[in-house]
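What follows is a single structure, written as structure tokens, with notes after it.
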There are 2 protein chains.
Amino acid sequence: MSYSIGQVSEKLSISPYTLRYYDKEGLLPFVDRNEAGRRRFKDNDFNFLEVIMCLKEADVPVKQIGDFIDLCMTGDTTLQARYDFLTEHEQALEKKMAQLQHTLDFLRWKKWYYKTALQAGTESIHYLPGTNHVDPAVHAEFEKLVADGASPAELGKLA
Amino acid sequence: MSYSIGQVSEKLSISPYTLRYYDKEGLLPFVDRNEAGRRRFKDNDFNFLEVIMCLKEADVPVKQIGDFIDLCMTGDTTLQARYDFLTEHEQALEKKMAQLQHTLDFLRWKKWYYKTALQAGTESIHYLPGTNHVDPAVHAEFEKLVADGASPAELGKLA
DNA sequence: GCTTGACTTAGAGTCAGCTCTAGAAACTAT
DNA sequence: ATAGTTTCTAGAGCTGACTCTAAGTCAAGC
């Protein structure tokens, strides 16, 4: 079973332009060509493509993905290097997810800020008297609700 | 209390170039200037900067962050729009985190793949007999271990 | 045989998000 | 006062990741 660039493009929802770009950047050295020079993807190539898409999803730059594919093509001497590469990016991803959780929590505190403002009809309930500046006690109040067991996601929900 | 662009840059670990770029893109309309035209950041401005950094972290494009800041400057008539904006990006972020969890799981299965190959001294233990193609049963085996209660993160750990 | 459509390459163009340069003006320390 | 540092603007330059164009090749259907 073999597939044209168009069929692979369709299957993976990646444009043929992008697939050729990846090839040019050295990400697809495993892809065969027919007599006319056209790319023929094998079933096994989808294992590589899956790894490539995974690493892209993990925000690994194209060049580094190329380095990993190089390791793959070299053979058993690079097994440890490949394992280490994946470990490095596993850790980076864990770190990123923790960071995104903070970001999400912040978004929810701001939602609560606007929810309460909406209910009051004006943002000024959060200001220090006579100013346009937010009272730091407002954030503290939200933090207290969370410390007392409320879920940030729920606190932000309107009505 | 007011702060120069250099002090803000230092505090937030953002280059002054970037801060000026954000200003140029309309993200910092709230920043005052002194008689000489130099930016003077107020304490309250850090609330805005915190929101900007949060939205950046959530991968919101600079232009859209500008739209949100515009809403903030307009006053109480935009409270609902601001709430909706945050809700939209909260949802996008939740979706992204779910996707990243899948990516992480995939990375861990690949780590297990290389761990077992390393222990065998060769990747060929995963190949279909007489080929260089990965046996689909290998992934199924990993999935079975997970279904039987093993943690993907643990399965990938070496030694 | 001829058109249509998918493919090929090299190379140009685009976009976001910075990042830097140049030249001038303004603070800061001695 | 003067040297050094910081800031200002306008605008150029850079990087990564595509995205497309042009000109040509190839395969399939009428």
Side-chain angles (χ1 to χ4, degrees), chain A residues 1-42 45 48-49 51-70 89 92 96 99 103, chain B residues 1-42 45 48-49 51-70 89 92 96 99 103:
Chain A
M1 211 76 269
S2 94
Y3 310 86
S4 72
I5 197 170
Q7 290 169 320
V8 174
S9 158
E10 188 73 12
K11 258 198 183 183
L12 304 185
S13 305
I14 310 171
S15 82
Y17 295 143
T18 303
L19 285 168
R20 290 193 201 99
Y21 164 70
Y22 288 166
D23 198 2
K24 211 187 296 190
E25 295 299 311
L27 269 56
L28 313 179
F30 48 82
V31 177
D32 292 338
R33 301 289 184 125
N34 68 9
E35 324 70 48
R38 300 191 167 189
R39 292 174 186 82
R40 303 306 316 183
F41 292 76
K42 308 173 285 304
D45 295 351
F48 285 104
L49 289 166
V51 171
I52 290 168
M53 296 322 283
C54 164
L55 293 174
K56 276 209 55 59
E57 194 62 46
D59 270 332
V60 180
V62 166
K63 245 166 225 174
Q64 281 190 58
I65 299 178
D67 294 343
F68 182 78
I69 298 291
D70 287 346
H89 291 291
K96 183 172 189 170
Q99 171 56 59
T103 301
Chain B
M1 210 74 270
S2 94
Y3 309 86
S4 71
I5 196 169
Q7 290 169 318
V8 174
S9 158
E10 188 74 14
K11 259 199 184 184
L12 305 185
S13 304
I14 311 171
S15 81
Y17 296 141
T18 303
L19 285 168
R20 290 193 200 100
Y21 164 70
Y22 288 166
D23 198 1
K24 211 186 298 189
E25 295 299 311
L27 270 56
L28 313 179
F30 47 82
V31 176
D32 293 337
R33 301 288 185 127
N34 68 8
E35 324 71 48
R38 298 191 169 191
R39 293 174 185 82
R40 302 307 316 182
F41 292 76
K42 309 173 286 302
D45 295 350
F48 284 105
L49 290 166
V51 172
I52 290 168
M53 297 321 285
C54 164
L55 293 174
K56 275 209 56 59
E57 194 63 47
D59 271 332
V60 179
V62 166
K63 245 166 225 172
Q64 282 190 56
I65 299 178
D67 294 342
F68 182 77
I69 297 292
D70 286 347
H89 291 291
K96 185 176 186 165
Q99 171 58 58
T103 301

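Predicted, not measured: the structure shown is a model, and the values here were computed from it. The sequence lines fix the lettering, A, B, ..., with proteins before strands; numbering per chain opens at 1.
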Item to complete: Going 5' to 3' through nucleotides 9-16 of chain D, assign each nucleotide B (protein heavy atom under 4.0 Å from a base atom), S (under 4.0 Å only from sugar-phosphate atoms) or - (no protein heavy atom that close).
Response: B-B-----

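Checking the phosphate oxygens (OP1, OP2) of D:dT7, a side-chain nitrogen or oxygen of B:S4 falls inside 4.0 Å.
Partners of A:R20 according to the side-chain hydrogen bond (donor to acceptor under 3.5 Å, both in side chains) rule, which considers only residues two or more places apart in sequence or in another chain, do not exist here. Here B:R38 pairs with nothing under the side-chain hydrogen bond (donor to acceptor under 3.5 Å, both in side chains) rule; sequence neighbours left out. Partners of B:Y3 under the ring pair (Phe, Tyr, Trp, His ring centres under 6.0 Å) rule, at least two apart in sequence or in another chain, are B:F46. With sequence neighbours left out, the ring pair (Phe, Tyr, Trp, His ring centres under 6.0 Å) criterion links A:F41 to no other residue. Shown here are the side chain to side chain contact (heavy atoms under 4.5 Å, CB included) partners of A:S4, two or more places apart in sequence or in another chain: A:Q7, A:R40. For A:T103, the side-chain hydrogen bond (donor to acceptor under 3.5 Å, both in side chains) partners at least two apart in sequence or on another chain are A:Q99. By the side chain to side chain contact (heavy atoms under 4.5 Å, CB included) test, B:T18 is found to be paired with B:I14, B:S15, B:Y22, residues two or more places apart in sequence or in another chain being considered.
In this entry the distance linking CD of B:E35 with C1' of D:dC8 reads 14 Å, nearest Å. If you take OH of B:Y3 and P of D:dT7, they are 15 Å apart, rounded to a whole angstrom.
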Could you list the protein-to-nucleotides 21-25 of chain D atom pairs, N/O on both sides, closer than 3.5 Å?
unit_1: D:dT25; atom_1: O2; unit_2: A:R38; atom_2: NH2; d: 3.0

Report all side-chain donor-acceptor pairs from residues 24-33 of chain B shorter than 3.5 Å, counting only partners two or more places apart or in another chain.
unit_1: B:D32; atom_1: OD2; unit_2: B:K42; atom_2: NZ; d: 3.4
unit_1: B:R33; atom_1: NH1; unit_2: B:G37; atom_2: O; d: 2.9
unit_1: B:R33; atom_1: NH2; unit_2: B:D23; atom_2: OD2; d: 3.4

Cut-off 3.5 Å, no hydrogens considered: what does the side-chain donor-acceptor table look like for residues 52-68 of chain B, sequence neighbours left out?
unit_1: B:D59; atom_1: OD2; unit_2: B:K96; atom_2: NZ; d: 2.4
unit_1: B:Q64; atom_1: OE1; unit_2: B:H89; atom_2: NE2; d: 3.4

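Map A:T18 and B:I5 each onto its nearest nucleotide of DNA chain D; the residue landing nearer the 5' end is B:I5.
One finds the CG atom of A:L49 at 10.5 Å from the NZ atom of A:K11 (value rounded to the nearest 0.5 Å).
Scanning DNA chain C 5' to 3' for nucleotides with an atom closer than 4.0 angstrom to a non-hydrogen atom of chain B gives a first and last hit of C:dG17 to C:dC27.
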